[in-house]
Structures are given as C-alpha cells and as structure tokens.
Protein chains: 2
Amino acid sequence: MAQKNLLKYILLGLLENEKKTGYDLKKLFETEIGEFWSAKHSQIYLELKRLEEQGYISSETGLFGNKLEKTYYTVTDKGRRVLSEWEETPTGELPINKDEFILKLYFIHDKNDKRIQEMLSEQYRLHVSKLAHLKKRKNLLFKDEISRSKNYGHFLILDLAIRREKEYIGWIKQYLH
Amino acid sequence: MAQKNLLKYILLGLLENEKKTGYDLKKLFETEIGEFWSAKHSQIYLELKRLEEQGYISSETGLFGNKLEKTYYTVTDKGRRVLSEWEETPTGELPINKDEFILKLYFIHDKNDKRIQEMLSEQYRLHVSKLAHLKKRKNLLFKDEISRSKNYGHFLILDLAIRREKEYIGWIKQYLH
DNA sequence: CGAAACATGTAAGATGTTACATGATTCG
DNA sequence: CGAATCATGTAACATCTTACATGTTTCG
C-alpha cells in the first residue's frame, strides 16, 4: 500500500520520549507495535535516514563494547511539530481491512460448500489464540489503574482489540457446526 | 503493502462466472468489493494484461456502438485451477489491520488529553454511518433465504462486518462522555 | 451540445518485501 | 567456541497510488 507514509509518524512517536536505535525500533515492531502495524528493519533504517535528512530527528553514535557503534535517534523540535500536527489532524475515512480469509469466503457461493466449515474452524483456532494473547498482554501491562492512566491510548486500543476478537469468535461460533 | 498479489485471485474470482471488461471490474471495486478491498483502475488493467500473458484469462473484443472497442475477459481452465488452488490453501496468519486512528490513539498517554474525546466522536460518526450503510446493503441483497444461499459467503462477511461495526460503536460509547 | 459516465491505457514515483551482506557481542 | 542475538545496511523486485492521456457514448 503505497500511501500516507504513516511509518514516519510511528517512528517520530516512538522516539518522542526516549532516544532509540534502529534496532530498538525494529524490536518494538516485533512486539508492542506489531499488534497493529508492521515494518521490516530494511524499511525502518531507510526511513530513519530520510527523517534525519529532513531534520525531523537527529542522531548520536555511542560506542558499545569495544567496536560496535550504535546510532541513537531523537526527535528534533521540527519533528515534534510535524508529529503533533499529524496527531491533531482528523483522520477521516475508515480504512479497508484487507483480510484474505474474508476474500476467500466472498467467492464461495454455495451454503453447503465444505470449505466454509474448514475455513471457519481454522479461523476459530487463530482468533481464540489471538484473544488469549491479547488478554495476557492486558493483564501484564494494565493490571492497575495507574498503569492505565500512564498509557491510556494503548490501554484503549488493547481493550478494543480484545472486544473485536471476542466478537469475531462469536460470529464464527454462530456459523460453525 | 507489497505482498501476496491477492488482486490476481480477486480478478479471477470475479471473472469466473461471467465475462467482464476492465471497467466492469473497476466498478465492482467501487461498490461491492469496495467494502473489503481496494484497487485502482490503473492497477486492474495492468493485472489483466499480466493474467492474459500468463494464460489465466483470455480476452475477446466486441464493438460497442460505432467505434468503441470493449475487451471482455474470461477465466481459462488454467486460471480456474489457480483460483481453486488458492481457495483450498489455508490462509494462516491473521492480518494486521492498519488503522490510522488506532495509531494516533496509541501515542496519546494522558487519560485526560482532550484529543481523545475529539477522536472518539469523529470515529463515532464514521462508524454509525458505516453501520447504517452495511445494514442497508444487507437488506437490499439478502432479504430472503434464497438470496442468502445463492451468495452465502458474501452474506456471511456482510453479517460479520455489521457485527464488527456494532462492537466498535459499543466500544466508543464506553469511553465517550 | 455539453456534461457525466463509459472505457482503456501509460508513466512516475512511493511504499513495502525478500534477499543479500557483514560484523559484534553475549551466553551457555 | 559456537550459536543466538544484536546491530546496520544495500539491492532487487513487487505492489500501489497519483497523475497524465485520450477518445466514446449517453442523456438531459
């Protein structure tokens, strides 16, 4: 999807409160951010270069161990302005959730086609396990009121993700025999 | 998202039962398919060319009016095989739903940040209107049992979409004051 | 007759994935 | 010391969007 270059804002957002290396960012995409966004390290390093050229972030290298040079990035004032401008802009237009399973289902016409049940049970497994994972994360990150108010946005979207999985599972159960 | 070239299968699926022009396909992406997939005409025409080169579809031109040449495409046996092979393959891996609103929310830390309520009410409007639209479609397309069993997959995903919107709205209401 | 919709394409550029490459550090 | 992880990059390629381009038919 060649589009709005949202990765730019993600990187700015992640670097806003703490300097990080490209590798740190990559790791975040494998865990926390990975729930709702994806990016490969090749793209991250490239984007960091570009953001620095444009003056949105600045870098500082630190020697780690004997030889290893790590590059730490921080957001500049200019970058901070771009970030909050984006945050303030109404998003508009709901996104299209491209889902391969949905697509396959669309092309099945016959109610009694055996593949429907096979597909539904595969999805059931996947969504049940996703739900378990999300609940575990919520428990881990947001046990108490204090942790919730510290990262309230994150709490909200995790809560939404859990509700969505429950709903998805409910839908599957309705049609799975 | 440069990935699995699913457009290929969508075109094959749409051409499976009826010959269509590139323009017909484009129109479908603006209406029916538009609910869960997107593609521009430039991409569609290109992909049709490629599919024909690969022998998955074949074309026939018909004169429309005095001068206008329309190109109609149909799936070949080879194409049909590729399509059903895809349909049979388990999808695996749940997709990441990239949603700009979710992203913005993630970067808001303070529970009392005014922007949360602004964003939620924008989303409320959008999802309420989306839900109304989906309900209208369901009513239009799947009033009776017969129409459901004719395009059962489509009925299922429309039903899912409606449930998802309801759930989304429920979530917004919980946090919107 | 003019505007909107029909109809089909190409080109440039942005975004994203996969593969290729290399080296350092940690930990068992 | 060897494997896993840390750490950073480039190259080739596929996908997708935006813009450019052109001509036809329908309908009020």
Side-chain angles (χ1 to χ4, degrees), chain A residues 1-11 14-15 19-31 33-34 36-54 57 59-73 93 95-98 100 103, chain B residues 1-11 14-15 19-31 33-34 36-54 57 59-73 93 95-98 100 103:
Chain A
M1 223 180 294
Q3 17 97 286
K4 293 176 73 182
N5 194 7
L6 294 171
L7 178 60
K8 172 171 141 181
Y9 302 110
I10 302 174
L11 298 181
L14 291 173
L15 295 170
K19 64 182 179 185
K20 293 187 179 71
T21 67
Y23 195 77
D24 292 337
L25 293 163
K26 170 196 180 272
K27 292 261 98 180
L28 282 172
F29 276 94
E30 281 161 17
T31 55
I33 312 285
F36 53 92
W37 213 269
S38 63
K40 310 283 167 162
H41 81 274
S42 55
Q43 202 190 343
I44 293 168
Y45 285 112
L46 235 53
E47 190 61 39
L48 285 170
K49 280 256 160 82
R50 215 197 317 174
L51 287 172
E52 192 175 18
E53 271 172 34
Q54 295 171 332
I57 59 177
S59 67
E60 124 205 17
T61 49
L63 203 58
F64 182 75
N66 281 328
K67 296 181 186 173
L68 190 55
E69 300 243 316
K70 283 191 187 187
T71 310
Y72 285 94
Y73 293 95
E93 295 268 304
I96 294 170
N97 292 170
K98 293 187 169 183
E100 191 175 347
L103 210 51
Chain B
M1 221 178 293
Q3 17 97 285
K4 293 175 74 181
N5 192 9
L6 294 172
L7 178 60
K8 170 171 141 181
Y9 302 110
I10 301 174
L11 298 181
L14 292 173
L15 294 171
K19 64 181 179 187
K20 292 188 181 68
T21 67
Y23 195 77
D24 291 338
L25 293 163
K26 170 196 180 270
K27 293 259 96 180
L28 283 172
F29 277 95
E30 280 161 19
T31 55
I33 313 286
F36 54 91
W37 213 269
S38 63
K40 311 282 166 163
H41 82 273
S42 54
Q43 202 191 344
I44 293 168
Y45 284 112
L46 234 54
E47 190 61 39
L48 286 171
K49 280 256 163 81
R50 216 198 313 177
L51 287 172
E52 193 176 17
E53 271 172 35
Q54 295 171 331
I57 59 177
S59 67
E60 126 206 16
T61 50
L63 203 57
F64 183 73
N66 283 328
K67 297 181 187 173
L68 190 56
E69 299 244 315
K70 284 192 186 185
T71 311
Y72 286 93
Y73 293 94
E93 294 270 304
I96 294 170
N97 291 170
K98 293 187 171 184
E100 190 174 347
L103 211 51

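In what follows, every chain begins at residue 1, and chains take the letters A, B, ... in the order their sequences are listed.
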Below 4.5 Å, heavy atoms only, C-beta onward: do B:K98 and A:L6 meet side chain to side chain? no
Any non-hydrogen side-chain atom of B:Y45 less than 4.5 Å from a side-chain atom of B:K49? no
Atom [atom1] in [X], atom [atom2] in [Y]: separation rounded to 0.5 Å?
X: B:E100; Y: A:F36; atom1: CD; atom2: CZ; result: 13.0 Å
X: A:L14; Y: A:I33; atom1: CG; atom2: CD1; result: 4.5 Å
X: A:D24; Y: A:T71; atom1: CG; atom2: OG1; result: 11.0 Å
X: A:L28; Y: A:L11; atom1: CG; atom2: CG; result: 10.0 Å
X: A:L51; Y: A:L7; atom1: CG; atom2: CG; result: 8.0 Å

Going by number, which of residues 41-48 of chain A have a non-hydrogen atom under 4.0 Å from DNA chain D? A:H41, A:S42, A:Y45
Does anything in residues 62-70 of chain B reach DNA chain D, meaning a heavy atom under 4.0 Å, and if so which residues? B:F64, B:G65, B:N66, B:K67, B:L68
Between [N] atom [atom2] and [X] atom [atom1], what is the distance in whole Å?
X: B:F29; N: C:dT8; atom1: CZ; atom2: C1'; result: 16 Å
X: B:I96; N: C:dT15; atom1: CD1; atom2: C1'; result: 16 Å
X: B:K98; N: D:dC16; atom1: NZ; atom2: P; result: 12 Å
X: A:E100; N: D:dT15; atom1: CD; atom2: P; result: 13 Å
X: B:E93; N: C:dT17; atom1: CD; atom2: P; result: 13 Å
X: B:E30; N: C:dA5; atom1: CD; atom2: C1'; result: 11 Å
X: B:K8; N: D:dA14; atom1: NZ; atom2: C1'; result: 12 Å
X: A:K20; N: D:dC6; atom1: NZ; atom2: P; result: 16 Å

Could you pull out the protein-nucleic contacts involving nucleotides 1-4 of chain C (nitrogen or oxygen on both sides, under 3.5 Å)?
none

Nearest nucleotide by nearest heavy atom, which residue falls closer to the 5' end of DNA chain D, B:L7 or A:K26? A:K26
Apply side-chain contact (heavy atoms from CB on, under 4.5 Å) to residues B:I10 and B:F29 and explain how you reach the verdict. CA-CA 10 Å; B:I10 301 174; B:F29 277 95; 3.7 Å; yes
Residues passing the side-chain contact (heavy atoms from CB on, under 4.5 Å) test with B:K70, sequence neighbours excluded, are B:T21, B:F64, B:Y72
Qualifying residue, where the test is salt bridge (Lys or Arg N to Asp or Glu O under 4.0 Å) with A:R50 and the options are A:E47, A:E52, A:E53: A:E47
As a test of reading the structure: which of C:dT18, C:dA7, D:dT15 is closest to the side chain of B:R50, going by heavy atoms? D:dT15
Nearest-nucleotide pick for A:K49, side chain only, options being C:dT15, C:dT17, D:dG9: D:dG9
So A:W37 and B:L103, side-chain contact (heavy atoms from CB on, under 4.5 Å) or not? Walk me through it. CA-CA 8 Å; A:W37 213 269; B:L103 211 51; 3.7 Å; yes
Taking every non-hydrogen atom, the tightest pair across B:I96 and A:S38: CD1-CB, 3.6 Å
Mapping B:Y73 and B:K27 onto DNA chain C by nearest heavy atom, which one lands closer to the 5' end? B:K27
5' precedence on DNA chain C between B:G22 and A:N5 (nearest-nucleotide basis): B:G22
For the pair A:L15 and A:L48, evaluate side-chain contact (heavy atoms from CB on, under 4.5 Å) and give the outcome as yes or no after the intermediate values. CA-CA 11 Å; A:L15 295 170; A:L48 285 170; 4.2 Å; yes
Helix axis bend for the helix from C:dC1-D:dG28 to C:dG28-D:dC1 - C1'-based end axes, five pairs, 10° rounding: 30°
Holding to side-chain hydrogen bond (donor to acceptor under 3.5 Å, both in side chains), I want the full list of residues that pass it with B:K19, two or more places apart in sequence or in another chain. B:E60
Is the distance from OP1 or OP2 of D:dT8 to the nearest side-chain N or O of A:Y23 less than 4.0 Å? no
